[in-house]
There are 2 protein chains.
Amino acid sequence: MLAPMSYELFYWPSIQGRGEFVRLALEDAGADYTDVARGPGGVAQMTALLKSEGLVPFAPPFLRCEALVISHVANILNWLGPRLGLVPTDEAIRAHALQLQLSVTDLVAEVHDTHHPVASSLYYEDQKPEARRRAENFVEHRLPKFLGYFERVAGAAGFALGDAHSYVDLSLFQVIEGLRYAFPTATRAFEPKMPRLLSIHDRVAQRPRLAAYLSSSRRLPFNEHGIFRRYPELDVSPTWG
Amino acid sequence: MLAPMSYELFYWPSIQGRGEFVRLALEDAGADYTDVARGPGGVAQMTALLKSEGLVPFAPPFLRCEALVISHVANILNWLGPRLGLVPTDEAIRAHALQLQLSVTDLVAEVHDTHHPVASSLYYEDQKPEARRRAENFVEHRLPKFLGYFERVAGAAGFALGDAHSYVDLSLFQVIEGLRYAFPTATRAFEPKMPRLLSIHDRVAQRPRLAAYLSSSRRLPFNEHGIFRRYPELDVSPTWG
């Protein structure tokens with residue numbers, strides 16, 4: 001673990017969204033960080049940074065640490081991991097952590113597209129028939145495929161990676177929280193098939209700093225502006241359930 | 001650059017797809033590699049590996065190097081980069097390379113979803129109305145946003161990253177090739193606005209090992225089974241063109 005640093009997280013202030021995966025890592029490690037866009041003038045600061053010169057991010061979330069600004073959840077976590085003690089420094093294990101995190105990224109994108117299958121720029125109300133079709137397919141095929149995969153490759157010791165807690169565990173916790181919120185019927189139906197994931201989830205929820213965060217006002221509630229949304233018409237019952 | 005190694009790439013044998021981004025890096029570096037699934041019994045070997053125990057990949061492409069098996073294009077390139085001399089070893093620059101590559105990943109996923117907006121498991125023919133809507137939005141908003149972003153952050157020296165050739169340049173070459181194939185109308189209309197990207201594209205195409213690869217039988221043609229597909233009904237004319 002390198003010397004303690006101070007971090008600035010930039011993300012939309014009213015949703016958990018993709019930023020939450022970074023927040024969980026910062027909170028779990030007790031890092032010194034500012035959630036910039038939740039402070040006065042923060043959204044304007046975030047927008048200005050995205051429009052500035054140089055190798056700026058494509059979109060939030062992004063992290064600033066001294067002169068370095070980096071974006072994409074998996075990239076941020078890959079960079080923060082060794083600094084926060086949230087991944088072993090061994091390069092092969094770091095590559096496996098990043099690999100798992102990128103499968104989380106893929107799952108999150110597919111969850112987003114259950115309510116926005118046509119375009120992010122349109123309202124959900126303007127793509128409801130397509131969303132229903134996509135959600136049916138997601139619940140029937142993709143949700144069990146992703147959760148089944150994470151369950152299968154999780155270690156027997158109660159960690160995603162071998163025998164040590166990592167940022168991947170935090171992200172899997174968030175995935176389960178999000179899926180329970182957005183697709184309660186299918187998620188609950190699958191839970192008997194994912195004992196290792198539930199063990200990871202419950203262990204993470206009890207980590208002291210994370211438990212304190214989850215019960216604080218810093219933890220935003222899920223809502224229908226984020227990635228994981230609860231639309232009853234999309235909470236499809238799977239045929240396998 | 002570390003000692004030369006021998007690599008095995010596992011990817012579907014009849015498409016460029018996501019595997020092509022890894023192939024380009026291996027070919028450009030003159031690496032010693034085997035495209036396993038294109039050899040006898042290779043697909044069966046790939047499938048068996050995905051079903052084996054341990055931290056196996058979620059899906060192809062994946063790379064094997066001695067005992068290490070890692071998946072996801074951006075992760076593979078992040079790992080290969082220093083070994084193939086395709087990214088500086090400086091950690092901040094590597095994070096910026098990975099960040100750009102992850103935006104390529106996002107673009108590629110959105111291109112895929114123009115022909116599969118409802119489900120990968122369904123045929124294109126079973127989601128044509130949704131595909132048309134998604135393609136219209138992609139061409140109108142997302143294609144110019146992504147290309148405009150890459151153009152804006154590219155260095156003035158003709159490289160994606162500062163003043164050195166990297167795996168990101170290879171991926172941007174492939175993105176332009178793919179978009180020209182799948183969305184020729186919009187891509188050609190945008191090209192006057194992306195001189196830096198065209199400079200990167202043309203420079204990459206002329207690198208001796210890459211030029212040799214592109215004119216060899218190892219370079220598969222684009223087709224309607226891959227990520228970039230040419231469906232005339234999806235080659236929408238943008239209003240901005």
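Values below: all heavy atoms of this structure, side chains included; hydrogens, waters and symmetry mates excluded. Letters A, B, ... mirror the listed sequences (proteins, then strands); counts begin at 1. Keep in mind that this is a model prediction, so the values were computed, not measured.
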Greater than 12 external heavy atoms within 6.0 Å of A/Glu233's CD: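 Buried by this count: over 12 neighbours within 6.0 Å.
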Nearest atoms (heavy-atom pairs only) where B/Ser71 meets A/Gln99: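 In terms of heavy atoms, the two residues are closest at N-OE1, 2.9 Å.
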Closest non-hydrogen atom pair between A/Ala95 and B/Trp79, with its separation: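 It is CB-CD1, 4.2 Å.
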Minimum side-chain heavy-atom gap A/Asn75-B/Asn78 below 4.5 Å: no
Heavy-atom check, side chain of B/Val73 versus side chain of A/Leu102, under 4.5 Å: no
Under 4.5 Å, counting heavy-atom pairs only, tell me which of [options] racks up the most with chain A.
{"options": "B/Val69, B/Leu161, B/Ile76", "answer": "B/Val69"}
{"options": "B/His141, B/Glu136, B/Lys145", "answer": "B/Lys145"}
{"options": "B/Ala119, B/Ser103, B/Ala59, B/Ala67", "answer": "B/Ser103"}

Ring centers of A/Phe150, B/Phe58 separated by less than 6.0 Å: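 Not close enough - the centres of the two rings lie 6.0 Å or further apart.
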Close contacts, residues 162-175 of chain B versus chain A, judged by heavy atoms under 4.5 Å: none
Side chains of residues 104-118 of chain B: which donor-acceptor pairs under 3.5 Å do they make with residues two or more places apart or in other chains?
from: B/Thr105; atom 1: OG1; to: B/Gln101; atom 2: O; distance (Å): 3.1
from: B/Asp106; atom 1: OD2; to: A/His72; atom 2: NE2; distance (Å): 3.3
from: B/Glu110; atom 1: OE1; to: B/Arg142; atom 2: NE; distance (Å): 2.8
from: B/Glu110; atom 1: OE2; to: B/Arg142; atom 2: NE; distance (Å): 3.4
from: B/Glu110; atom 1: OE2; to: B/Arg142; atom 2: NH2; distance (Å): 2.8
from: B/Asp113; atom 1: OD2; to: A/Arg134; atom 2: NH1; distance (Å): 3.3
from: B/Thr114; atom 1: OG1; to: B/Val111; atom 2: O; distance (Å): 2.5
from: B/His115; atom 1: ND1; to: B/His112; atom 2: O; distance (Å): 3.3
from: B/His115; atom 1: NE2; to: B/Ile227; atom 2: O; distance (Å): 2.6
from: B/His116; atom 1: NE2; to: B/Leu122; atom 2: O; distance (Å): 3.1

Residues 46-56 of chain A, side-chain donor-acceptor partners within the protein, below 3.5 Å, at least two apart:
from: A/Thr47; atom 1: OG1; to: A/Val43; atom 2: O; distance (Å): 2.8
from: A/Ser52; atom 1: OG; to: A/Leu49; atom 2: O; distance (Å): 2.7

Positions in residues 124-132 of chain A that reach chain B, provided some heavy atom is under 4.5 Å away: A/Asp126, A/Gln127, A/Glu130
Between A/Ala135, A/Pro57, A/Gly155, A/Ser121, the one whose heavy-atom pairs under 4.5 Å with chain B are most numerous: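 Answer, by heavy-atom pair count under 4.5 Å with chain B: A/Pro57.
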Contacting moiety of A/Ile70, where chain B heavy atoms sit under 4.5 Å: both
